[in-house]
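One structure is given here, and the rest of the page talks about it.
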Amino acid sequence: QKEVEQNSGPLSVPEGAIASLNCTYSDRGSQSFFWYRQYSGKSPELIMFIYSNGDKEDGRFTAQLNKASQYVSLLIRDSQPSDSATYLCASGGYQKVTFGTGTKLQVIP
Amino acid sequence: DTGVSQDPRHKITKRGQNVTFRCDPISEHNRLYWYRQTLGQGPEFLTYFQNEAQLEKSRLLSDRFSAERPKGSFSTLEIQRTEQGDSAMYLCASSRQGESPLHFGNGTRLTVT
């Protein structure tokens, strides 16, 4: 079992819709959770981080964490074609940070 | 904050040669991580440092790979006797503390011919 699991996609949504990206993790000791965006050929770019159960909002992005279910999600409202990228979920704590394989998002104009 | 810097950006080498990559983290960051990423995969953990101490090295990493962070500042990753399977993007990242977000450099793309 991988430590962080994501559906590889692609996830296709029309422009202006809400994109919902999901992630599960296996290490119950994980304390911190991150979402990164990665464009083709580029390095990962931090979008959101969340440490506590519940929702955290930043502009068009909302991260959701449910530690009991070991589940993290990212919602992107009013999706734009420029949001088309691979979204990486990562978990960590006092030790290493582990990444999922990423979900490819395609926003259709 | 000048960001994480990696050098070189690209490296082409012949199988069997040794290569060394350098990473300069954000200056106030204590943690430094190395990852490897191949097409269609997420970053794969290689190793990480807290200051100059190497705290963990992936079990998947062969003895051909070694990393150092001698003074707790920049780090080097060396691959000895390169193989074609080593072709990948090598990413360096740094963070303030264990729970803090990672900030990535632009990566070093290695091609082994």
Side-chain angles (χ1 to χ4, degrees), chain A residues 2-10 21-27 29-52 56 58 61 63 65 67 72 74 85-106, chain B residues 1 3-7 9-10 21 23-26 29-51 53-61 67 88-111:
Chain A
K2 291 188 176 180
E3 295 182 50
V4 178
E5 299 215 36
Q6 298 180 253
N7 187 320
S8 60
L21 303 160
N22 306 312
C23 167
T24 59
Y25 62 95
S26 61
D27 183 0
S30 295
Q31 305 284 331
S32 49
F33 304 88
F34 311 102
W35 283 99
Y36 287 82
R37 178 174 62 197
Q38 187 173 30
Y39 294 111
S40 181
K42 302 294 186 182
S43 61
E45 170 192 13
L46 180 70
I47 297 176
M48 296 280 293
F49 59 92
I50 186 167
Y51 300 142
S52 303
K56 179 180 179 183
D58 184 1
F61 299 96
L65 174 60
K67 290 187 177 180
V72 193
L74 178 71
T86 296
Y87 289 80
L88 299 165
C89 173
S91 71
Y94 297 109
Q95 299 182 7
K96 68 182 182 184
V97 176
T98 303
F99 286 80
T101 55
T103 297
K104 186 171 184 178
L105 173 66
Q106 295 176 338
Chain B
D1 182 352
V4 178
S5 177
Q6 290 189 247
D7 184 70
R9 293 292 303 276
H10 303 276
F21 309 142
C23 173
D24 287 89
I26 294 171
H29 285 185
N30 298 319
R31 287 253 174 133
L32 187 148
Y33 301 79
W34 286 99
Y35 291 86
R36 175 174 64 188
Q37 188 175 28
T38 53
L39 196 63
Q41 300 298 312
E44 175 191 15
F45 171 79
L46 296 180
T47 187
Y48 82 102
F49 294 83
Q50 174 81 24
N51 299 315
Q54 187 175 20
L55 297 187
E56 187 173 346
K57 181 177 175 179
S58 170
R59 290 190 297 270
L60 299 175
L61 217 57
M89 176 75 85
Y90 289 82
L91 295 165
C92 176
S94 67
S95 70
R96 289 182 185 275
Q97 299 294 342
E99 294 182 328
S100 302
L102 273 60
H103 297 264
F104 283 88
N106 288 326
T108 293
R109 182 167 296 283
L110 173 67
T111 302

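Chain letters run A, B, ... following the sequence lines, proteins first, then strands; residues in each count from 1. Note that the coordinates shown come from a computational prediction; the quantities given were computed from them, not determined experimentally. The analysis underlying the following values was restricted to heavy atoms, covering all of them including side chains, and did not include hydrogens, waters or symmetry mates.
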* Check for a donor-acceptor pair, side chain of B:Q37 on one end and backbone N or O of A:S43 on the other, with a separation under 3.5 Å. => no
* Asked: Aromatic rings A:Y51 and A:F34: how do their planes relate, parallel, tilted or perpendicular, breaks at 30° and 60°?
  -> perpendicular
* To do: Answer with side chain, backbone, both or neither: which region of B:E56 has an atom nearer than 4.5 Å to a non-hydrogen atom of chain A?
  => side chain
* Contact part of A:F33 toward chain B, heavy-atom cut-off under 4.5 Å: side chain, backbone, both or neither? -> neither
* To do: Report the residues that fulfil side-chain contact (heavy atoms from CB on, under 4.5 Å) with A:N22, sequence neighbours left out, ordered by chain and then residue number.
  => A:S20, A:Y71, A:S73
* To do: Heavy-atom pairs under 4.5 Å with chain A are the metric here; pick the option from B:G40, B:P101, B:G105 that has the most.
  => B:P101
* Structure fact -> Tested for side-chain contact (heavy atoms from CB on, under 4.5 Å) against A:V4, the lone hit among A:S30, A:C89, A:S26 is A:C89
* Let me know if B:L55 has heavy atoms under 4.5 Å from chain A in its side chain, its backbone, both or neither. => neither
* Examine whether an atom of A:Q38 lies under 4.5 Å from a heavy atom of chain B, and if so say whether it belongs to the side chain, the backbone or both; otherwise answer neither. => side chain
Contacts under 3.5 angstrom, residues 96-106 of chain A side chains, donor-acceptor by atom type, not counting sequence neighbours:
from: A:T98; atom 1: OG1; to: A:E3; atom 2: OE1; distance (Å): 3.4
from: A:T103; atom 1: OG1; to: A:N7; atom 2: O; distance (Å): 2.4
from: A:Q106; atom 1: OE1; to: A:S12; atom 2: OG; distance (Å): 3.2

